[in-house]
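One structure is given below, encoded as C-alpha cells.
Throughout, numbering of the chain's residues begins at 1 and tracks the sequence. Being a predicted model, the structure only gives us computed values, none of them experimental.
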Amino acid sequence: MEYGRMKTLELLNSLNIQYMTEGHKHCRPGWVNTSCPFCTGNPGMHLGFDLENEFFKCWRCGWHPILETLHKLSGLPIHKIKDLIRVFGGRTRQKQIIKETVRMKAFRYPSDTQRLAVHHKQYLEKRNFDPEYLNQEWNLRSTGPVSTMDSADYGNRILIPIYWNGQAVSFQCRTPVNKEPRYKACPQDRELIQHKHILYGKQREWREIGICVEGVTDVWRFGSTAFATFGIEYKIQQVKEMVKNFRRIAVCFDDDPQAIVQANKLVSELRMRGIEAFRVPIVGDPGAMSQADADKLVKEIMK
C-alpha cells in the first residue's frame, strides 16, 4: 500500500483510535503514539506511527504493517480501512515498506582471537568450571592483549560465541578480572541476529521444560535444560522464542531486588501467553553455585 501524505490524525479520529502526540515518554517529534495491539497484556503507548515515512513501529515488539495494525486497533474489516485510507489521502498501490534498519557489516570476531588461553582456563577453574568441557561444549576462545574491532578494545577476554539454528550469529567477551564492563558484546551492526532477540543455550537439546537464567555462565552451570536472556532486561522477541520452544519454564534469576522484580514480571508475561511459568528463588548467582547444588536444583525443577 502507498499512503503518501495521508491525513493520519484525521484517519485515526475516524477510526476512533485514541492517540498521543506529546506528553508521554514514548512520544517523539514527528510520531503519533497509540496502544500496541500486538503487545499482549501490556499494550501501553508503545506503538508509534512515523508521520514522515508512514510506518508503524512498536518500541517493544518492532515493525507492523499498516493495514493489519489499523484493523487490530479499530476492529474494522481491511476493505473498509482501505476505503478510508483513500478518503484521507492515501493510495492503494503497492510500494516497498520502509523499515528502520541497522547498516550491516560483515560478522566476525575481534582481531587476535586464539585458542582458550591458560590464564583464562585458570580463571574458569577458580569459578568451579571445567574449562576443557566448556571449550568442547561452547567453543570458547580467548582474545589476545591487543584485540580490537571497529576501534573498540576486546583485549584479554574470554570470547563466547552465540549460536542460533546451528550458526554463529554474535558473541560476548567476558573479562576475567574485576573491571567494568564485565561483558562486551558484538557491535550490533555486525551481528547476524541481535543477541537480545534470541536465547543463549543448546537449542537442539531443549525439551518441553526449560530453565530461564540471566547470563551465559548460569547456562554453563545448569546445563542443556537452561537458556539465558543476556541480562534481566529481556526483550519481547525473547519472550516469543520462549513461547515457541517451551511448555513449562522455571525463571531463575539472581537474588537482587531488581532481578526478582524482573523475574516475576517475566513469569506473568509467560503465563499470559499460556506457558506454565514460575520463579525459583535462590541465594546469590546461579553461576556461582557448586555443581552439585546446581545439579540437585535442576533435578528438582525437571520432576
Side-chain angles (χ1 to χ4, degrees), residues 38-40 57-58 60-65 97 99-110 113 115-116 133-141 143 149-150 154 157-174 183-252 266 269-270 273-277 286-287 298 302:
F38 303 95
C39 287
T40 306
K57 180 185 176 183
C58 175
R60 297 178 74 233
C61 60
W63 173 87
H64 295 289
I97 298 297
K99 298 184 184 181
E100 289 189 336
T101 59
V102 176
R103 185 173 66 86
M104 281 289 295
K105 298 179 182 176
F107 172 70
R108 64 176 177 85
Y109 295 138
T113 300
R115 297 175 67 176
L116 195 61
Y133 175 78
L134 291 182
N135 191 32
Q136 176 183 337
E137 291 295 309
W138 301 100
N139 297 325
L140 304 187
R141 299 183 67 80
T143 60
M149 178 162 27
D150 301 339
Y154 288 88
R157 289 174 177 262
I158 298 172
L159 188 143
I160 305 157
I162 298 171
Y163 293 91
W164 195 247
N165 294 327
Q167 179 183 12
V169 297
S170 186
F171 67 83
Q172 283 189 330
C173 286
R174 173 65 155 92
Y183 288 92
K184 293 189 76 170
C186 175
Q188 186 174 320
D189 57 0
R190 287 193 181 274
E191 293 182 297
L192 296 181
I193 302 175
Q194 290 185 35
H195 69 284
K196 286 294 289 184
H197 290 180
I198 56 177
L199 307 168
Y200 179 82
K202 294 280 188 182
Q203 277 180 282
R204 294 179 180 176
E205 299 181 31
W206 290 342
R207 298 295 181 264
E208 289 188 336
I209 304 174
I211 304 175
C212 178
V213 293
E214 294 179 36
V216 297
T217 59
D218 303 333
V219 174
W220 299 347
R221 185 65 73 201
F222 282 160
S224 61
T225 58
F227 60 90
T229 53
F230 304 104
I232 61 175
E233 298 293 336
Y234 59 87
K235 300 293 186 181
I236 189 64
Q237 293 90 341
Q238 293 175 309
V239 175
K240 290 179 179 179
E241 291 298 338
M242 294 180 211
V243 172
K244 288 179 187 177
N245 286 283
F246 300 98
R247 176 184 59 82
R248 184 170 182 256
I249 294 176
V251 181
C252 191
L266 177 56
E269 291 207 40
L270 290 169
R273 289 167 169 79
I275 301 298
E276 182 185 344
V298 170
M302 302 302 288

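Side chains of Thr225 and Ile209 form no contact here, defined as non-hydrogen atoms less than 4.5 Å apart. Put simply, the side chain of Gln238 does not reach to within 4.5 Å of the side chain of Ile198, judged on heavy atoms. Using a 4.5 Å heavy-atom cutoff, the side chains of Asn165 and Gln203 are in contact. Side-chain contact check for Asp150 versus Lys105: some heavy-atom pair is nearer than 4.5 Å. Counting heavy atoms from C-beta outward, Cys252 and Phe222 have side chains that approach closer than 4.5 Å. For the pair Met242 and Thr229, the minimum side-chain heavy-atom distance is below 4.5 Å. The side-chain heavy atoms of Leu140 and Ile160, taken from C-beta on, include a pair separated by under 4.5 Å. A heavy-atom distance below 4.5 Å is found between the side chains of Asn139 and Tyr163.
Of the possible donor and acceptor atoms, none in the side chain of Arg221 sits under 3.5 Å from a partner among the backbone N and O of Thr217. Side-chain atoms of Thr143 come within 3.5 Å of backbone N or O of Arg157 as a donor-acceptor pair. Under a 3.5 Å cut-off, the side chain of Glu214 and the backbone N or O of Asp218 do not form any donor-acceptor pair.
A side-chain hydrogen bond (donor to acceptor under 3.5 Å, both in side chains) with Ser224 is found for exactly one of Glu137, Glu205, Arg207, namely Glu205.
Atom-to-atom distance recorded for Ile162:CD1 and Leu199:CG is 11.0 Å, nearest 0.5 angstrom. Atoms OG and CZ, on Ser170 and Phe107 in that order, are 6.0 Å from each other to the nearest 0.5 Å. For the atom pair CD (Glu241) and NE2 (His197), the distance works out to 10.5 Å, reported to the nearest 0.5 Å. Once rounded to the nearest 0.5 Å, the distance linking SG of Cys173 with CE of Met149 reads 7.5 Å. Between the CH2 atom of Trp138 and the CD1 atom of Ile158 there is a distance of 14.5 Å, given to the nearest 0.5 Å. Rounded to the nearest 0.5 Å, atoms CZ (Arg115) and CG (Asn135) are 8.0 Å apart.
Of all heavy-atom pairs between Pro110 and Tyr154, the closest is CG-CG, 3.7 Å. Contact between Trp164 and Trp206 at its shortest, heavy atoms only, is CZ3-CH2, 4.0 Å.
The six-membered or imidazole ring of Phe227 lies near that of Phe246, with a centre-to-centre distance under 6.0 Å.
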Candidate pair Tyr234 and Glu269, rule side chain to side chain contact (heavy atoms under 4.5 Å, CB included), full reasoning: CA-CA 11 Å; Tyr234 59 87; Glu269 291 207 40; 3.1 Å; yes
Verdict with supporting geometry, Arg190 and Arg108, side chain to side chain contact (heavy atoms under 4.5 Å, CB included): CA-CA 7 Å; Arg190 287 193 181 274; Arg108 64 176 177 85; 3.9 Å; yes
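A salt bridge does not link Glu233 with Lys196: every distance from a Lys NZ or Arg NE/NH1/NH2 to an Asp or Glu carboxylate oxygen is 4.0 Å or more.
Taking the centre and axis of the six-membered ring of Tyr183, the NZ or CZ atom of Arg174 falls inside the cone set by 45° and 6.0 Å.
Note: Tyr200 and Phe230 have perpendicular aromatic rings, judged against thresholds of 30 and 60 degrees for the angle between ring planes.
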